[in-house]
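What follows is a set of notes on a single structure, which appears directly below.
Residues take their numbers from the sequence shown, with the count starting at 1.
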Amino acid sequence: MTAEAPTAPVVSHGRLIPVTVHFDDLDALGLLHNARYPLMVERAWTELWNEHGVRFDGDWAAAGDACNAVRELTIGYEAPVTRPGTYAVHLWLERLGTTGLTYGFRFCSADGSETYARGTRVLVRLDSATLRPAPWSDAFRAVGEELLRAAD
């Protein structure tokens, strides 16, 4: 008898990235601290982009598409996370422009069925020398297009 691998959760768009909430991520009331949500979303995006070779290794000139800055972050909290364990961050792109993008996210249960928080974040790709907006690379755009959410 062979064991079958667990089935990955299915989402209609984007990707679910597993994250772990540790005991020390909880606040004095035993709830996931509000500042931890964006941190876990950032870690999930870092993992996803690292899979595609987009990473910052300490050299801004060599960073390419990883040379970017946050322009805006919005987040709404829908239900409290009350215990440590495995959860997920559902990631997708809402918009992929020439020099910027807007991504959507949900902090959710590991299977994606329950949402605890959701939001968006706007990033701008920067030229490492001038820190002015610069176009995303073709390779980045190809991955980004796979993450785009279809218009409702």
Does [X], at its [atom1] atom, have more than 12 non-hydrogen atoms belonging to other residues, nucleotides or ligands within less than 6.0 Å?
X      : atom1 : result
Asp138 : CG    : no
Arg95  : CZ    : yes
Arg55  : CZ    : yes

As an exercise, state the distance from CZ of Arg125 to CH2 of Trp136, rounded to the nearest 0.5 Å. 7.0 Å
If you round to the nearest 0.5 Å, how far is CH2 of Trp60 from CG of Leu126?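 One finds 8.0 Å between CG of Leu126 and CH2 of Trp60.
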One pair to check against side chain to side chain donor-acceptor pair (under 3.5 Å): Thr120 and Thr102. What are the steps and the verdict? CA-CA 7 Å; Thr120 60; Thr102 302; over 6 Å; no
Could you tell me whether Phe140 and Trp49 have their ring centroids closer than 6.0 angstrom?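 Aromatic pair counts; centres sit under 6.0 Å.
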For Ala61, side-chain contact (heavy atoms from CB on, under 4.5 Å) partners two or more places apart: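 Listed in chain order: Asp59, Ser128.
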Shortest non-hydrogen separation from [X] to [Y] and the atoms involved:
X      : Y      : answer
Phe56  : Ala63  : CD1-CB, 3.8 Å
Thr74  : Phe105 : O-CZ, 3.8 Å
Leu26  : Leu32  : CD2-N, 3.5 Å
Asn50  : Val54  : OD1-O, 3.2 Å
Pro135 : Asp65  : O-OD1, 4.4 Å
Asp111 : Glu114 : OD1-N, 4.4 Å

Give the C-alpha distance, both sets of side-chain angles, the deciding distance and a yes or no for ring-ring contact (aromatic ring centres under 6.0 Å, His included) between Phe107 and Tyr87. CA-CA 8 Å; Phe107 190 91; Tyr87 295 85; 5.7 Å; yes
Step by step, would you call Tyr77 with Asn34 a side-chain contact (heavy atoms from CB on, under 4.5 Å)? CA-CA 8 Å; Tyr77 303 95; Asn34 68 82; 3.6 Å; yes
State, yes or no, whether a side-chain contact exists between [X] and [Y] at a heavy-atom distance under 4.5 Å.
X      : Y      : answer
Arg149 : Leu93  : no
Ile75  : Tyr37  : yes
Cys108 : Val89  : no
Leu96  : Leu148 : yes
Leu91  : Leu48  : yes
Leu31  : Thr82  : yes

Looking at Arg36 and Asp25, is any side-chain nitrogen of the basic one under 4.0 Å from a carboxylate oxygen of the acidic one?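 Here Asp25 pairs with Arg36 in a salt bridge, since their nearest N and O are under 4.0 Å apart.
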Could you pull out every donor-acceptor pair under 3.5 Å between side chains of residues 39-46 and any protein atom, sequence neighbours left out?
unit_1 : atom_1 : unit_2 : atom_2 : d
Glu42  : OE1    : Arg121 : NH1    : 2.8
Glu42  : OE1    : Arg121 : NH2    : 2.6
Thr46  : OG1    : Glu42  : O      : 2.9

Results of salt bridge (Lys or Arg N to Asp or Glu O under 4.0 Å) for Glu51 - residues two or more places apart only: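 Checked Glu51 against salt bridge (Lys or Arg N to Asp or Glu O under 4.0 Å); matches are Arg15.
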Derivation and outcome, side chain to side chain donor-acceptor pair (under 3.5 Å), residues Thr115 and Arg106: CA-CA 6 Å; Thr115 300; Arg106 288 186 314 125; 2.5 Å; yes
Evaluate the criterion side-chain contact (heavy atoms from CB on, under 4.5 Å) for residue pair Val70 and Leu123; output intermediate values, then yes/no. CA-CA 5 Å; Val70 176; Leu123 292 180; 3.7 Å; yes
